Amino acid sequence: MLWPMLAVALGFCGIAVLGVLAVRVFLEVRRLGHQVARTSERVTRAAEDLERAAGRLAASGEALR
């Protein structure tokens, strides 16, 4: 009777460890997702700034002609 109880206890502990690790992975993935979203917004703003600057530069270049 000892061995089956030990097997059940070890199985439960193994599943508990996997559950804890799954929660940690989930939280890190959420954090990474937020960071990717913020970085994407920053890249979009930088691209818009670059486009505006290129437009102004092109307009001033045409004015010099």
Side-chain angles (χ1 to χ4, degrees):
M1 191 70 178
L2 173 68
W3 293 113
M5 290 175 55
L6 184 62
V8 169
L10 288 176
F12 177 77
C13 290
I15 291 174
V17 167
L18 289 176
V20 168
L21 292 176
V23 169
R24 289 182 62 186
V25 167
F26 173 74
L27 294 175
E28 288 298 318
V29 166
R30 275 188 44 195
R31 190 173 65 93
L32 179 62
H34 289 300
Q35 188 174 1
V36 167
R38 281 194 312 259
T39 303
S40 175
E41 291 171 4
R42 289 179 61 192
V43 167
T44 302
R45 274 186 276 141
E48 290 169 354
D49 291 345
L50 181 61
E51 188 175 344
R52 280 194 299 273
R56 284 194 304 262
L57 183 61
S60 67
E62 290 175 5
L64 293 176
R65 290 183 186 182

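Computation of the quantities below employed the complete heavy-atom set of this structure, encompassing side-chain atoms and omitting hydrogens, waters and symmetry-equivalent molecules. All residue numbers refer to positions in the sequence shown, counting from 1. Because the structure is a prediction, the values reported are computed rather than measured.
- Under the side chain to side chain donor-acceptor pair (under 3.5 Å) criterion, R52 pairs with D49, sequence neighbours left out.
- Other residues sharing the hydrophobic cluster of L18, ordered by chain and number and joined by side-chain separations under 4.5 Å: none, the residue standing alone.
- Applying the side-chain hydrogen bond (donor to acceptor under 3.5 Å, both in side chains) rule to pairs touching residues 11-28 yields E28-R31, sequence neighbours excluded.
- Using a 4.5 Å cut-off between side-chain heavy atoms of Ile, Leu, Val, Met, Phe, Trp and Tyr, L27 falls into a hydrophobic cluster with V23, F26.
- Taking the side-chain contact (heavy atoms from CB on, under 4.5 Å) definition, one finds that L6 meets it with W3, L10, sequence neighbours left out.
- Pairs passing the side-chain hydrogen bond (donor to acceptor under 3.5 Å, both in side chains) check and including a residue from residues 36-46, sequence neighbours excluded, do not occur.
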